[in-house]
Amino acid sequence: LYPDSAPLDALASIDIAMAAPAGVFCHVTVDGLCLGDAELYIYEGSTTSGGTAFTPINRNRNYALSNPSQVAMVIAPTVSNVGTELDAQIIAGGAGKKSGGGTAGSLEYVLKPLTTYLFRLTNVNGTAHAAYLTLEWYE
C-alpha cells in the first residue's frame, strides 16, 4: 500500500526500480491497483538514484530464508531518465464512492540482466486514493 496505507495523491506515482545481476533472468509479473483512474507503466533501461533499498521476500519454501533474491530493488527512487517504454495500461477506477480498478497478473516479462527496470503506477484520477504496486518473480 502506498506508503503504509496512506492515499496516493493525485498525479503522484508509486515507483519501483529493479535490476538483476549477470546470468539472472527474472520472470516478473505486475499487479497494480488504484481506487481511482490510474496508469501503469513499465520502462527498460531507466536511470535512477537514491530511494529506499528493499530486500525482496523469498517465498520459495524449498530454500532457507537466508537465501535472498539476487535482484536489487529500490522503492521511490529519483528518476532522471525513464528509459524505453515497454508497456502502458489504463486502470479504470469506475465512478462513485465504491469505485475501484485494478490490473492483476496480465503482465509478465522476462527481464534482461544488468538492466534497470522502472515500474510506475500513477494516480490520474484528480483526488487521492488507496493504491498499490506489487512485483512478483522467480529467478
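When only modelled atom types and interatomic distance are considered, Glu139 and Ser69 share a side-chain donor-acceptor pair under 3.5 Å.
Through side-chain heavy atoms spaced under 4.5 Å, either directly or across other Ile, Leu, Val, Met, Phe, Trp or Tyr residues, Val82 is tied to Tyr41, Tyr43, Val79, Leu118.
Val24 and Val74 sit in two unconnected hydrophobic clusters of ILVMFWY residues. Membership requires side-chain heavy atoms under 4.5 Å apart, directly or through other members. Following chains of ILVMFWY side-chain contacts shorter than 4.5 Å, one cannot reach Val124 starting from Ile42, and the two form parts of different hydrophobic clusters.
Rounded to the nearest 0.5 Å, atoms CD1 (Ile90) and CD (Glu39) are 6.5 Å apart. Residue Ile14 holds its CD1 atom at 9.5 Å from CD1 of Ile75, rounded to the nearest 0.5 Å. Rounding to the nearest 0.5 angstrom, the gap separating the CG atom in Leu114 from the NZ atom in Lys112 is 11.0 Å. A distance of 8.0 Å separates CD of Glu44 from CG of Leu111, quoted to the nearest 0.5 Å.
Tested against Thr134 for a side-chain contact (heavy atoms from CB on, under 4.5 Å), the candidates Asp31, Thr29, Val30, Leu33 yield a single pass: Asp31. Of the residues Tyr138, Phe119, Tyr117, the one that meets the side-chain contact (heavy atoms from CB on, under 4.5 Å) test with Val28 is Phe119.
In terms of heavy atoms, Thr122 sits closest to Ser13 at OG1-OG, 2.6 Å. Nearest approach of Asn123 to His129, heavy atoms of both residues: ND2-N, 3.7 Å. Smallest separation of non-hydrogen atoms from Ala17 and Pro77: CB-CG, 4.0 Å. The minimum heavy-atom distance linking Ala131 with Leu121 is given by the pair CB-CD2, 4.0 Å. Contact record, Cys26 with Val71: SG-CG2, 3.2 Å, taken as the closest heavy-atom pair.
Counting heavy atoms from C-beta on, the side chains of Trp137 and Met18 come closer than 4.5 Å. Taking the side chain as every heavy atom from C-beta outward, Asn125 and Leu35 never approach each other to under 4.5 Å.
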Q | Test log, rule side chain to side chain contact (heavy atoms under 4.5 Å, CB included), inputs Asp87 and Tyr109 | A | CA-CA 10 Å; Asp87 205 335; Tyr109 282 87; 3.2 Å; yes

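Within the structure, no pair that satisfies the side chain to side chain donor-acceptor pair (under 3.5 Å) test touches residues 45-57, not counting sequence neighbours.
With sequence neighbours excluded, the residues forming a side chain to side chain contact (heavy atoms under 4.5 Å, CB included) with Ala128 are Pro7, Asp9, listed by chain and number.
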